[in-house]
Protein chains: 2
Amino acid sequence: MEQEITDILKQSQLSITDNRLKILKLFQNNDKALSHADIEKLSGKHFDRVTIYRTLQTFVDKGIIHTIPTADNSIMYALCKEACSEGHHHDDHVHFLCDKCGTTYCLDNVNIPAVNIPKGFSAHQTNVLVNGVCKNCK
Amino acid sequence: MEQEITDILKQSQLSITDNRLKILKLFQNNDKALSHADIEKLSGKHFDRVTIYRTLQTFVDKGIIHTIPTADNSIMYALCKEACSEGHHHDDHVHFLCDKCGTTYCLDNVNIPAVNIPKGFSAHQTNVLVNGVCKNCK
DNA sequence: TAAATTTTGCAACCTTGTTGCAAACCAATA
DNA sequence: TATTGGTTTGCAACAAGGTTGCAAAATTTA
């Protein structure tokens, strides 16, 4: 598992640093999306705020994680599945936000339904965000 | 039309003030969603930043406008249709963000498609955000 | 019109995110 | 393993976006 993580970094041609290993591990240990603030807390304030911002940005650029648009306007990050690569995200899944515990999940098995767009508009990407109550809070 | 606007405020039990009339008029004159910054510009910097924030919050609370989650994480606001009331938003329409001009539209006539949610989750509201090119930019 | 209530503007503050730069670190090579 | 070169980190400072407390101004009610 430690091995897995270093492999991810190597495949993306990133140096192996404590910071990156730790943040990647956080994503693997949680099956939910994390915000910058979550990571700051979970990492025990061991790393600088700026470093965390830059690491997340790097991971997004390399296709390791993706961002999730949320209704309350905070940026959430989650691990990408195999299909993503540098500069090309393919996160065609639904995101679910629990109104009770605030957890954001990637519903990887739920496909984005087709949406009818009016004449004159052309669609490029579709984000679906569902609010409700999650399996742990019901 | 001036009349219409004061009626909206009265129905929501809000005092009629220059500020509220002007901001409501801005929404009626634009068929697109507006950000706080847009309103600050459009109102000719006549009102204080704080007043605009508070007015928008009041309008959201009263069900006059609704917020739109955007991928780039800025809050957008748009007029609600009749169905909304205090504390109960029913903005079950698709939002469209043009990648070229940055305009956000409410596609009122496009219904939210049904989304299959996994066992254990219960959906309450669904937001659909489509990116692409709008009718004016194609 | 006067009193009571609501709204506004100001100042100060907080949070979130960014930039420049020197020091620390990592990886590659000898 | 020591050295070198490029990358990453932490610090300080900054900027944008948003909030809060409070007194003054405007609106509503009577």
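In what follows, chains are A, B, ... by sequence order, proteins preceding strands, each numbered from 1.
Looking at every heavy atom in both residues, Phe27(A) comes nearest to Tyr77(A) through CE2-O, 3.2 Å.
For the pair Tyr53(A) OH and dC14(D) P, the interatomic distance rounds to 18 Å; values are reported in whole Å. Between Asp38(A) atom CG and dG17(C) atom P the separation is 12 Å, expressed in whole Å. Taking atom CG of residue Asp48(B) and atom C1' of nucleotide dA25(D), one finds them 14 Å apart after rounding to whole Å. We find that CD1 of Ile52(B) is positioned 13 Å from P of dG17(D), with the value rounded to whole Å. Rounded to an integer number of Å, the gap from Asn19(B) CG to dA24(D) C1' is 16 Å.
Formation of a donor-acceptor pair under 3.5 Å by the Asp7(B) side chain with backbone atoms of Glu4(B) is not found in this model. The main-chain N or O of Leu9(A) is never found under 3.5 Å from a side-chain atom of Arg20(A) such that the two would form a donor-acceptor pair.
When only modelled atom types and interatomic distance are considered, Thr55(B) and Asn19(B) share a side-chain donor-acceptor pair under 3.5 Å. Under the 3.5 Å distance criterion, with hydrogens and angles disregarded, no donor-acceptor pair is assigned to the side chains of Thr58(A) and Asp61(A).
Phosphate contact (OP1/OP2 of dT19(D), side-chain N/O of Arg54(B), threshold under 4.0 Å): absent. At dG10(D), one or more side-chain N or O atoms of Thr51(A) fall inside 4.0 Å of OP1 or OP2 (strictly under the cut-off). Side-chain N/O atoms of Thr17(A) include none lying less than 4.0 angstrom from OP1 or OP2 on dT7(D).
Across the helix from dT1(C)-dA30(D) to dA30(C)-dT1(D), the helix axis at one end is tilted relative to the axis at the other end by 30° (nearest 10 degrees, each axis from five pairs).
You'll find a donor-acceptor pair under 3.5 Å spanning the side chain of Arg49(A) and the base of dG17(C), going by distance alone.
When the nearest nucleotides of DNA chain C are assigned to Asp18(A) and Gln57(A) by heavy-atom distance, the more 5′-ward of the two goes with Gln57(A). Positionally, the nearest nucleotide of DNA chain D for Val50(B) lies more toward the 5' end than for the other of Leu14(B) and Val50(B).
Across Leu34(A), Ile8(A), Ile65(A), a single residue satisfies side chain to side chain contact (heavy atoms under 4.5 Å, CB included) together with Leu79(A), and that is Ile65(A).
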